[in-house]
Amino acid sequence: MRKGCFSTMCVLCTVVATVSVATLIGIWIFQLLPSIDPPAVLWDSYRLPTALLPDTYHVSLWPRLRPSPAGIYVFTGNSTVVFRCVRETDLILIHSYKLNLTAEPTLTALSGTPAPIIHSTWMQDTTQYLVMQLNSKLTAGESYVLRTEFVGKLGNDLEGFYRTAYKEGGVIRTVVASKMHPIHTRKTFPCFDEPAMKAVFHITLHHDRGTVALSNSMEIRVDTVVDGTPVTITRFKPTEYMSPYLLSMFVSDYTNVQSREDTLVGARTMCFIYSQSYVVTLPDVHYGGTENWGLITYREKRLFYEPRISSNRDKQSTATLIAHDLGHMWFGNLVTLSWWNEVWLSEGLALYMSYLSADYTEPNWNLKDLIVLNDIHRVFAVDALASSHPLSSKEEDIMKPEQISELFDTISYSKVGLRGSAHAQFTSTYLQTFAYKNTVVSDLWDHLQRAVDANGTVRLPRPVREIMDRWVLQMGFPLVTINTRTGVVTQQHFLLEPDAAVETPSEFNYEWIVPITWMKSGMEQKPDWLLQRKIHSDMKTVGDEWVMLNVNLTGYYRVNYDSENWERILEQLRTDHQVIPEMNRAQIVDDAFNLARAGIIPVALALNTTVFLSKETSYIPWESALMNLDSFYHTFDQTDVCGNMKKYFKKQATPLFEHFKAITPGWMRVPAGHTDQFDRLNAFRVGCTAEVDACLNLTVSWFSQWMEEPAVDPNLRSTVYCSAIAAGGAKEWEFAWRMFQNTSVATEAERLMSALACTRDTQRLESFTLNPVKIRKHEATSVIVQVARNKAGRALAWNFVRQNWKYIFTEYGAGSFSFAELIHGVTQAFSTQDQLDQLRRFKEDHSDIGFGPAAWALELAMEKTKANVKWVTESQPEVKEWLSAAAGRA
């Protein structure tokens with residue numbers, strides 16, 4: 001029996017009272033459903049008609065844990081749904097995908113009166129419907145019962161009701177799990193599979209004796225015999241009134257074991273609706289975790305933390321992941337988006353709440369500041385492209401399954417933040433008002449406005465909705481420019497490729513109402529708002545004065561200055577960089593490199609913002625600089641400036657390496673502070689990347705010792721493994737491969753898997769890239785991307801993807817393969833015209849099978865590559881001159 005795989009958590013619900021009047025909620029849902037002109041026939045529309053609303057489901061499923069004689073894993077089941085007719089219709093459309101009916105559907109009226117007869121039935125595969133044409137119309141106001149029986153394939157695509165496996169004692173054991181989010185419940189049983197189609201679910205699972213079945217609610221188990229087969233039947237109590245995508249089911253031989261206290265990330269109890277919740281870890285989960293009410297599933301490597309093996313970053317990742325999924329108990333589960341065009345109402349708010357709750361639990365981790373590095377900088381890079389998209393799209397633009405999947409991206413997750421004293425009050429009233437209901441973005445603004453009005457101290461230039469619509473309904477963000485000679489402040493839509501055609505129109509003409517925080521020569525000034533061009537006389541400077549906007553990055557915009565003000569800021573960084581807040585030291589570098597990429601400022605100015613790093617020892621500025629310098633290096637590493645880049649990087653990195661070598665004698669002492677530990681890791685990683693001899697010698701020495709007796713600091717292992725394997729040969733690679741195969745710790749396996757991709761041996765890289773025998777499906781994307789990050793494997797990874805795209809796309813479902821992440825990962829360093837041409841041919845060559853959720857990522861990749869080609873072509877002479885001068889000063 002496998003141990004340590006789920007635990008129960010009992011908490012008291014104190015948030016809201018349960019809403020149980022189904023009729024009132026049904027009316028609410030009906031009002032929220034869109035009024036869209038119907039197509040020629042209703043079954044050609046990807047949206048359900050609004051004539052029928054579900055109340056309850058009774059679903060019974062029997063997954064077979066052993067394959068049939070034909071080698072196929074299946075599940076059988078039946079489902080009974082009670083729905084109300086709110087408008088007369090002679091057609092029943094219900095989602096069903098990849099299910100085969102084993103009996104004719106039956107329809108009865110709940111009142112006992114005769115129901116219409118099902119005249120004909122068929123599957124509409126394109127729109128994923130089971131269609132039933134009736135011989136007469138359903139009666140408005142009447143409730144009906146529809147029963148279906150079916151069989152489905154228990155695939156390993158990590159979608160719907162699926163199977164996975166783990167090995168224990170040389171024996172492969174099958175586990176059945178589910179991932180219904182966002183639209184995969186229809187692969188499990190026929191249902192009204194839209195988020196606004198909430199209902200109560202009664203689930204029953206048949207499973208082998210000796211196995212355990214779990215679902216969203218408490219269970220009752222009975223052993224019996226069905227068709228001569230001994231089974232256990234587990235019936236679960238009714239769920240809360242919820243969307244179909246929140247259903248969760250699980251069958252395995254896992255046992256319930258309490259974890260030791262010292263292996264868990266500290267977390268204070270959070271109240272939510274369910275009185276009990278199971279937490280289950282699985283070897284294969286596409287995302288890090290799922291947010292289902294009552295049964296949350298996590299990928300193994302993302303949940304468990306073991307101090308002797310796990311790193312400090314593992315601890316943070318586990319804490320924020322748990323906080324994110326608990327945040328969904330309210331944002332997503334209790335209060336649900338009406339349609340997927342506003343995914344951010346669930347994912348973005350839950351992500352932001354995860355930082356707040358984890359920060360409350362671990363206040364010394366400084367997590368609210370880390371949002372800038374982990375999310376804001378990430379989303380800046382994507383949102384600066386003309387192929388970006390708004391947070392909220394039009395409903396009619398998000399219909400097809402692949403369009404829905406595309407929206408679960410960096411924009412929807414990371415471009416969200418709520419700040420200010422009105423936040424707590426807004427959250428409370430919003431959640432209480434819309435408990436068990438669905439919302440649209442205007443509901444959010446209404447409650448935020450009420451909180452602002454009640455607060456009394458918040459002063460806004462316009463109503464909340466008028467301000468926020470500009471940030472949500474149009475893509476991108478502004479570049480705010482200040483001329484300190486005249487005090488003129490302006491804004492414009494920032495684009496990484498200024499000449500790119502913006503094909504998405506905006507009713508706001510790509511102008512924003514921008515909150516301006518600022519300081520003059522180190523002293524914070526009174527905040528202001530920028531609506532249009534404005535003359536701000538206080539921002540004029542004299543002498544050595546300098547002005548800096550967006551203090552501590554409280555606003556979502558970039559900043560540019562006149563050349564004289566840039567020089568005064570650079571001088572301040574050179575003489576006493578700590579006068580400028582740590583967050584802004586990070587942002588100055590990030591703004592400058594992106595402005596240079598866009599051709600707005602000289603690239604020499606951007607490089608000048610890194611000169612102060614030789615004196616910098618704080619984590620956030622260095623991490624920001626490393627993100628930009630790493631991108632810069634990969635963009636220019638195919639040019640003749642590569643050698644001098646390495647020299648300059650080594651020059652700037654060596655003082656940081658020596659600093660931490662001194663304060664953590666021999667790298668043996670681990671700093672107490674959370675970000676200090678990250679800073680120590682960065683110093684070591686930077687030293688090895690910059691080929692500081694002392695660092696390279698240490699990694700080789702430690703790896704050799706590890707081959708005799710494993711004892712490398714968990715926080716430094718990733719760098720030690722990668723550096724030693726890159727410098728080593730077959731002996732080191734084979735040893736790491738054996739350790740990868742034998743480790744039972746998921747986080748250690750991930751580190752080793754990434755390190756194996758660091759080898760310079762292209763033959764090993766090729767055999768390692770995508771081998772389902774060696775690499776689990778959900779890890780394949782990560783492996784290919786890691787190979788692409790290795791200069792020796794960049795072309796290899798790209799060639800593999802373009803030559804095998806049909807196989808990857810058809811054999812690896814989106815549940816097990818992040819196509820968008822794959823496209824981004826293998827193309828992120830593209831910077832030549834030949835690579836751009838290859839991308840265009842790749843798009844043309846595979847237009848027949850398509851790209852699914854990766855279609856948008858491919859457009860982003862082509863746009864970014866085009867910008868890189870232009871940047872390298874236009875700025876290479878300037879870069880060469882600057883780096884030559886810097887190398888001469890070394």
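Note that this is a predicted model, so its numbers are computed, not measured.
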*Does the ring center of Phe494 lie less than 6.0 Å from the ring center of Phe477?*
yes
*Residues Lys187, Asp157; criterion salt bridge (Lys or Arg N to Asp or Glu O under 4.0 Å); working and verdict*: CA-CA 12 Å; Lys187 290 182 64 177; Asp157 57 358; 2.8 Å; yes
*Output, in order, the C-alpha distance, side-chain angles, deciding distance and verdict of side chain to side chain contact (heavy atoms under 4.5 Å, CB included) for Arg465 and Ser442.*
CA-CA 7 Å; Arg465 182 180 301 191; Ser442 58; 3.6 Å; yes
*Can the ring centroids of Tyr73 and Phe161 be said to lie less than 6.0 angstrom from one another?*
no
_Taking the ring of Trp798 and the ring of Phe830, is the distance between their centroids below 6.0 Å?_
yes
_Within the 3.5 Å criterion, strictly below it, is a donor on Trp445 or Asp469 matched to an acceptor on the partner's side chain?_
yes
*Gln124 and Leu93: side chain to side chain contact (heavy atoms under 4.5 Å, CB included), yes or no, with the steps?*
CA-CA 10 Å; Gln124 192 71 17; Leu93 295 183; over 6 Å; no
*Kindly indicate, with the supporting measurements, whether the criterion ring pair (Phe, Tyr, Trp, His ring centres under 6.0 Å) is fulfilled by Trp805 and Phe842.*
CA-CA 9 Å; Trp805 180 254; Phe842 176 65; 5.6 Å; yes
*side-chain contact (heavy atoms from CB on, under 4.5 Å), paired with Leu860, selected from Val382, Ile823, Thr827*: Val382
_salt bridge (charged side-chain N to carboxylate O under 4.0 Å, His left out) partners of Glu497, counting only residues at least two apart_ = Lys870
*Can you check ring pair (Phe, Tyr, Trp, His ring centres under 6.0 Å) on His181 and Phe408, steps first, answer last?*
CA-CA 11 Å; His181 186 278; Phe408 289 86; 5.0 Å; yes
*Hey, is the main chain of Ile92 close enough, under 3.5 Å, to the side chain of Tyr129 for a donor-acceptor pair?*
no
_Restricting to non-hydrogen atoms, name the atom on Val335 and the atom on Ala435 that form the minimum distance, rounded to 0.1 Å._
CG2-N, 4.1 Å
*Tell me yes or no: between the side chains of His389 and Asp409, is some donor less than 3.5 Å from an acceptor?*
yes
_Phe380 six-ring centre to Arg558 NZ/CZ under 6.0 Å and within 45° of normal_ = yes
_Run Phe819 and Phe809 through ring pair (Phe, Tyr, Trp, His ring centres under 6.0 Å) and show every step you take._
CA-CA 8 Å; Phe819 296 117; Phe809 189 73; 5.3 Å; yes
_Testing the basics here: between Gly825 and Ala788, what is the closest heavy-atom pair and its distance to 0.1 Å?_
O-CB, 3.8 Å
*Assess the pair Tyr57 and Phe201: is the distance between their ring centroids shorter than 6.0 Å?*
yes
*Give a yes or no on whether a salt bridge exists between Lys198 and Asp55, defined as a side-chain N under 4.0 angstrom from a carboxylate O.*
no
_Here's a test for you: under side-chain contact (heavy atoms from CB on, under 4.5 Å), which of Glu396, Gln403, Glu395 qualifies with Asn341?_
Glu395
*Indicate whether any N or O donor in one side chain lies under 3.5 Å from an N or O acceptor in the other, for Asn216 and Thr239.*
no
_Please check: side-chain N/O of Ser405 versus main-chain N/O of Glu402, any donor-acceptor pairing under 3.5 Å?_
no
_By ring pair (Phe, Tyr, Trp, His ring centres under 6.0 Å) - contacts of Phe192 (at least two apart)_ = none
_Output field: ring centroids Tyr352/His324 closer than 6.0 Å_ = no
*Test log, rule side chain to side chain contact (heavy atoms under 4.5 Å, CB included), inputs Tyr413 and Trp344*: CA-CA 6 Å; Tyr413 278 82; Trp344 70 274; over 6 Å; no
*In plain terms, say whether Lys843 and Glu859 are close enough for a salt bridge, that is, a side-chain N and a carboxylate O under 4.0 Å apart.*
yes
_Under the criterion side chain to side chain contact (heavy atoms under 4.5 Å, CB included), I'd like the reasoning laid out for Leu282 against Arg299: C-alpha separation, chi angles, the key distance, then a yes or no._
CA-CA 5 Å; Leu282 295 166; Arg299 193 185 300 178; over 6 Å; no
*Do Lys806 and Asp848 sit within salt-bridge range, that is, some charged N less than 4.0 Å from a carboxylate O?*
no
*Ring centres of Trp293 and His328 under 6.0 Å apart?*
no
*Taking it one step at a time, do Trp340 and Tyr245 satisfy ring pair (Phe, Tyr, Trp, His ring centres under 6.0 Å)?*
CA-CA 12 Å; Trp340 300 111; Tyr245 76 81; 5.3 Å; yes
